[in-house]
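One-based numbering along the sequence shown.
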Amino acid sequence: MNNLTTMMKEIEAYLSPAIIDSAQRCSARLLAALPDRQQLENNRVLLAYGGGKDSSYMVAYVRYIQGILWQQRGTTFRLRVSTNRHAAMNDSVMENINRVYQSLAMHDDPLAECLVVDGLQIRPFARHLPMPDAVRQQNRSDVLMNGHRFRADGRSTFCNACNLSMVNSFGLAADYDGGVDVIITGDSPQEQAAYVAWARHLSRLFDAPVADKSRGFSGFLQTLDGVAERYGSRIYGADQLTPAHRITHQLARDPLFFNIYQDTAYEAGAHWALLSEFMRFRFDELMFSFSESDCGNPTLMAHLRGLRAETLLQRNYAEGIREYVRFALGLMVQKDFPPSLIDEMAARYQDDAAIQRQRQRAAAFAVEAFDLSEEQLVCMIYSPFLAQGQQLGHWLSQQQLTLDEAAIRDLLENRSDDSALAQQLTRLSGMTLAQMRHCWQSLPVSSLLDGKSADPLSRVLRFDPHKAVIQVNNGVLNDTVTEIISGR
């Protein structure tokens, strides 16, 4: 027996008449879209769940639709909910997810399937499910290799590999245990069209094959698999590519997309009681990080901006932080965050003392999530190994490192095997000798201000909305320069 009857009585006290009406209309549309409208339990519906405030509401809304059909017809579809996990999601995200599942009576319900994707591994959700060490190591490597190649640009360092991993998790969840019939999305039709255009844009950039449009979702995944292969080859080296860098696209069945964007509003303020009282969603001080509520990486993006100002630009940490905070609070406004949450985020960086506390918190999280020290983050900012050590001397002199530059060049050009020096560089950078040598043979990604670059890596985020052009003071040049700032 399922748990829907009790859940439906409890949840409706937290739903406005407008939400209930929209869910009724949406349930009728979904019923018409299901392949088997006679035996509804034969239909399997997939919903991706990041663990944040908006996706928690999505889970509640779709679960409620599942209940409406049960009440109307005595049968309903099977709901599969899948969370793609990564190192920047701490335990509070799993705690929120668990509370949401409990509130929606999804545990031990035969009509609900709750899954966690860790890299290439997919398992049933469990509150204290440990994250495999291999996933943490992969995420750490992703941050290091992308961070050095993109010279610590916020979005590129933390989001490029993560976005490809998220797409792969869609493929894994859609294929798992016989596949699914329908994927529910809250993206607008314009956003969905933008994703397809983005995939085709990337395929052209990387000269990757484009799958036939008739293949639907599996074709979209296949196109991005070609992109992921070529992107990974440039970042890690073709000989270092693993299955974790690819995207699953051979699905048991090709699902349809069903859009609920037009049926309800996503602003957290519109369903605050449902979120905070019924589902007991809590905003963690690390996971609520600017425009994210399930990921601590934006805190590290701000931290990198502060470190960059303090070291490379010879200014001070607080100046770099304030640049990022102005930018990221603007993103929160664009994403319709409630004013109270925007004010809470601004208060975290309200003065020098608050910024210092956040610096300590960010430094601790960098170690906890990625095992990266402040020294290693600073090394990433300089990216000293790129282009055969173009910034090597600058890094050594500004950071007052008493290492022999000529010996480093000999080591990274394979003219020596100085193991003691290799260990010192690994301690300073966090990278293996093989990773440093790959960077040595790689060119830095040109500025996103350069729209004519032939390097596809420099154009991956060309149309990304999460960036801005700003003027910053360069203490080394004693001048104001134009830069791109990016983040979440």
Trainee: So Leu221 and Val167, side-chain contact (heavy atoms from CB on, under 4.5 Å) or not? Walk me through it.
Mentor: CA-CA 7 Å; Leu221 295 175; Val167 173; 3.6 Å; yes
Trainee: Excluding sequence neighbours, so at least two apart, what forms ring-ring contact (aromatic ring centres under 6.0 Å, His included) with Tyr176?
Mentor: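 Partners of Tyr176 by the ring-ring contact (aromatic ring centres under 6.0 Å, His included) criterion come out as none, since no residue qualifies.
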Trainee: Ser383 versus Gln391: any side-chain heavy-atom pair under 4.5 Å?
Mentor: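 A side-chain contact is absent here, since even the closest heavy-atom pair is not under 4.5 Å.
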Trainee: Using residues 295-306 as the side-chain source, report each donor-acceptor pair under 3.5 Å to any protein atom, sequence neighbours left out, with the distance given to one decimal.
Mentor:
residue : atom : partner : partner atom : Å
Thr299  : OG1  : Ser289  : OG           : 2.8
His303  : ND1  : Tyr317  : OH           : 2.6
Arg305  : NE   : Glu323  : OE1          : 3.2
Arg305  : NH2  : Glu483  : OE1          : 2.6

Trainee: List the steps and the verdict of side-chain contact (heavy atoms from CB on, under 4.5 Å) for Ile408 and Asp418.
Mentor: CA-CA 9 Å; Ile408 295 174; Asp418 187 336; over 6 Å; no
Trainee: With a 4.5 Å limit on heavy-atom distance, are the side chains of Leu372 and Arg140 in contact?
Mentor: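 SC-SC contact between Leu372 and Arg140 confirmed.
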Trainee: Can you name the residues that form a ring-ring contact (aromatic ring centres under 6.0 Å, His included) with Phe220, not counting sequence neighbours?
Mentor: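 By the ring-ring contact (aromatic ring centres under 6.0 Å, His included) rule, Phe220 matches no residue at all.
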Trainee: Regarding Asp207 and Arg230, does a basic nitrogen lie under 4.0 Å from an acidic carboxylate oxygen?
Mentor: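 Salt bridge between Asp207 and Arg230, a charged N being under 4.0 Å from a carboxylate O: no.
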Trainee: Any sub-3.5 Å donor-acceptor pair from Asn316's side-chain atoms to Glu319's backbone N or O?
Mentor: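 Judged by distance alone, yes, a pair lies under 3.5 Å.
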Trainee: Apply side-chain contact (heavy atoms from CB on, under 4.5 Å) to Phe125 and Ser82, showing your working.
Mentor: CA-CA 9 Å; Phe125 174 88; Ser82 175; over 6 Å; no
Trainee: Between Arg409 and Asp404, does any side-chain N to carboxylate O distance fall below 4.0 Å?
Mentor: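 The answer is no: the pair does not qualify as a salt bridge.
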Trainee: Flag the pair Phe150 / Leu457 as yes when at least one side-chain heavy-atom distance between them is below 4.5 Å, and no otherwise.
Mentor: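 Result yes, sub-4.5 Å side-chain heavy-atom pair found.
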Trainee: Report yes or no: does Ser203 contribute a side-chain atom to a donor-acceptor pair with the main-chain N or O of Arg200 at less than 3.5 Å?
Mentor: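 Here the side-chain-to-backbone pair exists.
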Trainee: Does anything in residues 425-434 pair up under salt bridge (charged side-chain N to carboxylate O under 4.0 Å, His left out), and if so which pairs, sequence neighbours excluded?
Mentor: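 For residues 425-434, and leaving out neighbouring residues, the salt bridge (charged side-chain N to carboxylate O under 4.0 Å, His left out) pairs sorted by first residue read Glu375-Arg427.
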Trainee: Could you give me the CA-CA distance, side-chain angles and deciding distance for Met58 and Ile260, then say whether side-chain contact (heavy atoms from CB on, under 4.5 Å) is met?
Mentor: CA-CA 9 Å; Met58 281 270 289; Ile260 67 172; 3.5 Å; yes
Trainee: I'd like to know whether Asn168 forms a side-chain hydrogen bond (donor to acceptor under 3.5 Å, both in side chains) with Thr248, so could you lay out the CA-CA distance, the side-chain angles of the two residues, the decisive distance to 0.1 Å, and finally the verdict.
Mentor: CA-CA 6 Å; Asn168 183 53; Thr248 302; 3.1 Å; yes
Trainee: Could you list the residues that satisfy salt bridge (Lys or Arg N to Asp or Glu O under 4.0 Å) with Arg234, not counting sequence neighbours?
Mentor: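 Result, salt bridge (Lys or Arg N to Asp or Glu O under 4.0 Å) vs Arg234: none returned.
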Trainee: Indicate yes or no for a side-chain donor-acceptor contact from Ser169 to the backbone of Asn84 under 3.5 Å, with no hydrogens or angles considered.
Mentor: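 Side chain of Ser169 to backbone of Asn84, a donor-acceptor pair under 3.5 Å: no, none is there.
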Trainee: More than 12 foreign heavy atoms under 6.0 Å from CZ of Phe288: is that the case here?
Mentor: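 Counting other residues, nucleotides and ligands, CZ of Phe288 exceeds 12 neighbours.
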Trainee: How long is the span from the CD atom in Gln358 to the CZ atom in Arg361, to the nearest 0.5 Å?
Mentor: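 Between Gln358 CD and Arg361 CZ, I get 4.5 Å after rounding to 0.5 Å.
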Trainee: Got a sec, which residues hit side chain to side chain donor-acceptor pair (under 3.5 Å) with Glu113, two or more places apart in sequence or on another chain?
Mentor: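 Glu113 satisfies side chain to side chain donor-acceptor pair (under 3.5 Å) with Arg80 only.
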Trainee: Applying side chain to side chain donor-acceptor pair (under 3.5 Å), can you list everything that pairs with Asp133, at least two apart in sequence or on another chain?
Mentor: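 Once residues adjacent in sequence are excluded, Asp133 has no partner under the side chain to side chain donor-acceptor pair (under 3.5 Å) criterion.
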Trainee: Working to the nearest 0.5 Å, report the span between CG of Asp417 and CG of Leu411.
Mentor: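 These two atoms lie 7.5 Å from each other.
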Trainee: Got a salt bridge between Asp91 and Arg282, using NZ or NE/NH1/NH2 to carboxylate O under 4.0 Å?
Mentor: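 Looking at Asp91 and Arg282, the cut-off is not met.
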Trainee: Are Thr83 and Met89 packed together at the side-chain level, in the sense that at least one heavy-atom pair is separated by less than 4.5 angstrom?
Mentor: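 Yes, their side chains come closer than 4.5 Å.
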Trainee: If the condition is ring-ring contact (aromatic ring centres under 6.0 Å, His included), which residues does His249 pass it with, not counting sequence neighbours?
Mentor: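 ring-ring contact (aromatic ring centres under 6.0 Å, His included) check on His249 returns nothing, list empty.
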Trainee: Can you list everything that forms a ring-ring contact (aromatic ring centres under 6.0 Å, His included) with Phe281? Sequence neighbours excluded, please.
Mentor: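 Expected list: Phe283.
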Trainee: Got a sec, which residues hit salt bridge (Lys or Arg N to Asp or Glu O under 4.0 Å) with Arg99, two or more places apart in sequence or on another chain?
Mentor: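 Partners of Arg99 by the salt bridge (Lys or Arg N to Asp or Glu O under 4.0 Å) criterion, ordered by chain and then number, come out as Glu95.
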Trainee: Supply the atom-to-atom distance Gln399 CD to His394 NE2, rounded to the nearest 0.5 angstrom.
Mentor: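 That separation rounds to 9.5 Å.
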Trainee: Could you work out, with side chain to side chain donor-acceptor pair (under 3.5 Å) as the rule, every residue matching Asp410, not counting sequence neighbours?
Mentor: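 Applying side chain to side chain donor-acceptor pair (under 3.5 Å) to Asp410 gives Arg415.
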Trainee: Checking the side chain of Arg151 only, and the main-chain atoms of Val445 only, is there a donor and an acceptor separated by less than 3.5 Å?
Mentor: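 At least one qualifying donor-acceptor pair exists.
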Trainee: So, Ser442 side chain and His438 main chain: donor-acceptor pair closer than 3.5 Å or not?
Mentor: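 Yes, because the side chain of Ser442 sits within donor-acceptor range (under 3.5 Å) of the backbone of His438.
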Trainee: Quick one: does Arg246's side chain have a donor or acceptor within less than 3.5 Å of a partner on Gly226's backbone?
Mentor: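 Not confirmed, Arg246 side chain does not pair with Gly226 backbone.
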Trainee: Are Asp54 and Lys335 close enough that some pair of their side-chain heavy atoms sits under 4.5 Å apart?
Mentor: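 No - every pair of side-chain heavy atoms lies 4.5 Å or more apart.
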Trainee: Quick one: CD on Gln435 to CD on Gln240, what's the gap to the nearest 0.5 Å?
Mentor: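 Spacing of CD (Gln435) from CD (Gln240) equals 8.0 Å.
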Trainee: Would you find a donor on one side and an acceptor on the other, under 3.5 Å apart, between the side chain of Gln400 and the backbone of Ser397?
Mentor: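 A pair under 3.5 Å: no.
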Trainee: Report yes if the side chains of Leu46 and Pro255 come closer than 4.5 Å at any heavy-atom pair, otherwise no.
Mentor: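 Not touching, per the 4.5 Å side-chain cut-off.
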Trainee: Just by distance, do the side chain of Asn139 and the backbone of Ala87 share a donor-acceptor pair under 3.5 Å?
Mentor: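 Yes, because the side chain of Asn139 sits within donor-acceptor range (under 3.5 Å) of the backbone of Ala87.
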Trainee: Checking the side chain of Thr223 only, and the main-chain atoms of Gly219 only, is there a donor and an acceptor separated by less than 3.5 Å?
Mentor: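 Yes.
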Trainee: Which residue in the set Phe327, Tyr324, Phe290 passes ring pair (Phe, Tyr, Trp, His ring centres under 6.0 Å) when paired with Tyr349?
Mentor: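 One option only clears the test, and that one is Phe290.
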Trainee: Considering only heavy atoms from C-beta outward, does the side chain of Arg359 approach that of Glu310 to under 4.5 Å?
Mentor: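 Yes; the side chains approach each other to less than 4.5 Å.
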Trainee: Any ion pair linking Asp352 and Arg322 (charged N to carboxylate O, less than 4.0 Å)?
Mentor: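 Answer for the salt bridge query: yes.
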Trainee: Could you state the interatomic distance from OH (Tyr382) to NE2 (His148), rounded to the nearest 0.5 Å?
Mentor: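 Here the interatomic distance stands at 13.0 Å.
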Trainee: Do side-chain atoms of Thr311 reach the backbone of Val378 as a donor and acceptor pair under 3.5 angstrom?
Mentor: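 No, because the side chain of Thr311 does not come within donor-acceptor range (under 3.5 Å) of the backbone of Val378.
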Trainee: Under the side chain to side chain donor-acceptor pair (under 3.5 Å) test, which residues partner Tyr231, sequence neighbours left out?
Mentor: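 Per chain and number, Tyr231 pairs via side chain to side chain donor-acceptor pair (under 3.5 Å) with Asn146, Asn160.
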Trainee: Are His86 and Arg136 side-chain neighbours, meaning at least one heavy-atom pair lies under 4.5 Å?
Mentor: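 Side-chain contact under 4.5 Å: no.
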Trainee: Side chains of Gln334 and Ser291: do they bring a donor and an acceptor to under 3.5 Å?
Mentor: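 Judged by distance alone, the side chains do not pair up.
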Trainee: Would you compute the distance between atom CG of Asn96 and atom NZ of Lys53 and round it to the nearest 0.5 angstrom?
Mentor: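 If I round to the nearest 0.5 Å, the distance is 12.5 Å.
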Trainee: Which label fits Phe170 and Phe217: parallel for a plane angle under 30°, tilted from 30 to 60°, or perpendicular past 60°?
Mentor: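 It falls in the perpendicular class, over 60°.
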